[in-house]
Amino acid sequence: MTQTITVIRGDGIGPEIMDATLHVLDALGAGLVYEEADAGLVALEKHGELLPQATLDSISRNKIALKSPLTTPVGDGFSSINVQLRRHFDLYANVRPAASFPNTRSRYTEGVDVITVRENTEGAYSAEGQETAPDGSWAVSVTRNTRKGSERIVRYAFELARRAGRKKVTVVHKANILKSTSGLFLNAARDVAREYPDIECNEMIVDNTCMQLVMRPEQFDVIVTTNLFGDIISDLCAGLIGGLGLIPGANIGADVAIFEAVHGSAPDIAGKGVANPCALLLGGAQMLEHIGMADKAMQLRAAIVATLEAKDSLTPDLGGSGSTMGFARAIASRLAA
Ligand code: NAD
């Protein structure tokens, strides 16, 4: 069986980590066919726009995309391409797993295994009604949460928990202060949780969640939360397990799914061949699971863990002196063995 996926090489370290990732996916023998499409600065240079229609068409056709980070130019007139993609395909669930790995620079080389399920289309990032005073002395931004949007993300989190054999879902909110928006999310979550009596559900205020994650991360299993809180909490989780180079993100909608690394295009190390390819590789593992190749996903994760355990060709962010491609080859060699 072959599956065609849209491949977006992206900006900065994007092409380097994509080369490394495709090298490992080929070694895995997953039978993937790659259809390349442009987005980001490369697309701006080549086609005069950051997100060409041809790229949207490719993703619509294949339903699955593997995407490297994209640089969004700073300044007026450029809205984030990632946000545009999420809106265009209604990719409402952002799934960001953070699990301990051996030989990282983290305090927690074991014991952390948290999946953050972040609402990806509403909340503070919907920015509807945004207004700024002409002299810049004030700004207003509207946070918009809907009952439908809240229910579907919480249901997604509980279904994921069931599928993955997880025991607990923690609903993270700020309903004590943000009574209307976060309150709506919490009420919707309580109603949905009643449909899943087999899974423990608890509630936690976001500030306490940050403290608890740092003090006792082992108490968390699946976290479900709104857009802004999920963005911040998942980076906190990345910090717990050794940095952004180890966290993937799946953007899932009813029809289309886009898999990526959580980190950005890292312009400070671009072109040096030292970026850690693991986050995008782990995004590849999420993608394989999504398209029904859970066994290949497990093999890929096991090869990454074995390479970390052997401290074989680790990149500088992990304390080694290896290159992006050298690390990928070390992982691929464990797949062939
Ligand atoms: P960043 O994630 O690119 O970099 C933050 C720090 O982490 C840097 O020091 C970088 O060197 C390091 N880092 C990131 N990925 C790494 C890797 N794989 N291996 C080793 N070190 C790594 O964040 P930033 O500098 O704030 O953003 C740069 C650009 O990326 C911006 O234009 C931003 O808009 C974009 N961005 C894109 C995405 C995406 O496409 N999903 C996500 C975040 C940021």
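Start at 1 with the first residue, then count along the sequence. Order of appearance sets the numbers: ligands from 1, and atoms from 1 within every ligand. In what follows, every heavy atom counts, from backbone to side chain, and hydrogens, waters and symmetry copies are set aside.
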Asks: One residue to check: Thr71. Relative to ligand 1, which of side chain, backbone, both or neither has a non-hydrogen atom less than 4.0 Å away?
Replies: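 It is both backbone and side chain that touch ligand 1.
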Asks: Compare Ile81, Leu244, Ile13, Asp317 and give the one whose heavy atom is closest to atom 16 (C) of ligand 1.
Replies: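 Selected option, by shortest heavy-atom distance: Ile13.
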Asks: Ignoring hydrogens and geometry, is there a side-chain-to-backbone donor-acceptor pair from Thr315 to Gly322 under 3.5 Å?
Replies: no
Asks: With a 4.0 Å heavy-atom cut-off (strictly under), which part of Val262 contacts ligand 1: side chain, backbone, both or neither?
Replies: backbone
Asks: Hey, is ligand 1 close enough to Ser68 that some N/O pair sits below 3.5 Å?
Replies: no
Asks: List in chain and number order the residues that pass side chain to side chain contact (heavy atoms under 4.5 Å, CB included) with Thr21, two or more places apart in sequence or in another chain; answer none if no residue qualifies.
Replies: Leu25, Leu66, Leu280, Leu281
Asks: Any nitrogen or oxygen of Gly264, main chain or side chain, under 3.5 Å from a nitrogen or oxygen of ligand 1?
Replies: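 Yes; the residue has a nitrogen or oxygen that sits under 3.5 Å from a nitrogen or oxygen of the ligand.
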Asks: Could you tell me the residue and atom name of the protein heavy atom closest to atom 12 (C) of ligand 1, and the distance to it rounded to 0.1 Å?
Replies: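 Its nearest protein heavy-atom neighbour is Ala266 CB, 4.5 Å.
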Asks: Pull out every atom of ligand 1 sitting under 4.0 Å from any heavy atom of Asn82, numbered as shown with elements.
Replies: 37 (C), 38 (C), 39 (C), 40 (O), 41 (N)
Asks: Consider side chain to side chain donor-acceptor pair (under 3.5 Å). Of Asn251, Asn82, Thr55, which one does Lys67 pass it with?
Replies: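 The residue from Asn251, Asn82, Thr55 that satisfies side chain to side chain donor-acceptor pair (under 3.5 Å) with Lys67 turns out to be Asn82.
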Asks: Looking only at protein heavy atoms, which one is nearest to atom 34 (O) of ligand 1, and what is the separation?
Replies: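 Looking only at protein heavy atoms, the one closest to atom 34 (O) of ligand 1 is Thr72 N, 3.8 Å.
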Asks: State whether any protein heavy atom lies less than 4.0 Å from atom 26 (O) of ligand 1.
Replies: no
Asks: Any atoms of ligand 1 less than 4.0 Å from a non-hydrogen atom of Lys67? List them with their elements.
Replies: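 In order of number, 40 (O), 41 (N).
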Asks: How far is atom 37 (C) of ligand 1 from the closest protein heavy atom, and which atom is that?
Replies: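 Protein heavy atom at minimum distance: Leu70 O, 3.2 Å.
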Asks: Drop me the distance from Tyr125's OH to Asn227's CG, to the nearest 0.5 angstrom.
Replies: 6.0 Å
Asks: Do you see a protein non-hydrogen atom under 4.0 Å from atom 6 (C) of ligand 1?
Replies: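 Given the 4.0 Å limit, the answer for atom 6 (C) of ligand 1 is no, no protein heavy atom qualifies.
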Asks: In terms of residue, atom name and distance, what is the protein heavy atom nearest to atom 22 (C) of ligand 1?
Replies: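 In this structure, atom 22 (C) of ligand 1 has Ile269 CD1, 4.0 Å as its nearest protein heavy atom.
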Asks: With a cut-off of 4.0 Å, which atoms of ligand 1 are near a heavy atom of Ala275?
Replies: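 Under 4.0 Å from Ala275, ligand 1 has these atoms: 19 (N).
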Asks: Please state which protein non-hydrogen atom is closest to atom 8 (C) of ligand 1 and give its distance, to 0.1 Å?
Replies: Asp268 OD2, 3.4 Å
Asks: A cation-pi test, strictly: NZ or CZ of Arg162 under 6.0 Å from the centre of the six-membered ring of Tyr196 and no more than 45 degrees from its axis. Yes or no?
Replies: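 Cation-pi check for Arg162 and Tyr196: fails.
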Asks: Measuring from Ile64:CD1 to Ile258:CD1, what's the distance to the nearest 0.5 Å?
Replies: 9.5 Å
Asks: Could you check whether any side-chain N or O of Lys179 sits under 3.5 Å from a backbone N or O of Asn176, counting only pairs where one atom can act as donor and the other as acceptor?
Replies: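 Answer holds: yes.
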Asks: Tell me whether Tyr108 contacts the main-chain N or O of Val214 through its side chain, where contact means a donor paired with an acceptor under 3.5 Å.
Replies: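 It does hold such a pair.
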Asks: Who are the salt bridge (charged side-chain N to carboxylate O under 4.0 Å, His left out) partners of Glu309, not counting sequence neighbours?
Replies: none
Asks: Which part of Pro267 is near ligand 1, with near meaning a heavy atom under 4.0 Å away: side chain, backbone, both or neither?
Replies: side chain
Asks: Tell me the protein heavy atom at minimum distance from atom 15 (N) of ligand 1, and give that distance in Å.
Replies: His263 CG, 3.1 Å
Asks: CD of Glu289 to CD of Gln286: how many Å apart, nearest 0.5 Å?
Replies: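 Nearest 0.5 Å value for the CD-CD distance: 7.5 Å.
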Asks: To the nearest 0.5 angstrom, please state how far the CZ atom of Arg96 sits from the CD1 atom of Ile223.
Replies: 12.5 Å
Asks: Considering only protein heavy atoms, determine whether one is less than 4.0 Å from atom 32 (O) of ligand 1.
Replies: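 Given the 4.0 Å cut-off, atom 32 (O) of ligand 1 counts as touching protein heavy atoms.
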Asks: Short N/O distance, under 3.5 Å, between Ser265 and ligand 1?
Replies: yes
Asks: Considering heavy atoms of the protein only, find what lies nearest to atom 41 (N) of ligand 1 and give residue, atom and distance to 0.1 Å.
Replies: Glu260 OE1, 3.2 Å
Asks: Using only heavy-atom distances, determine whether the side chains of Ser58 and Glu35 contain a donor-acceptor pair under 3.5 Å.
Replies: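 Side-chain D/A pair, Ser58 to Glu35: present.
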Asks: Considering only heavy atoms, does Asn276 approach ligand 1 within less than 4.0 Å through its side chain, its backbone, both, or neither?
Replies: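 The answer is both.
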Asks: Distance below 4.0 Å between atom 19 (N) of ligand 1 and any protein heavy atom?
Replies: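 Answer yes: something from the protein, a heavy atom, is under 4.0 Å.
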Asks: Could you grab the distance from atom CZ of Phe89 to atom CG of Leu56, nearest 0.5 Å is fine?
Replies: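 Nearest 0.5 Å value for the CZ-CG distance: 5.0 Å.
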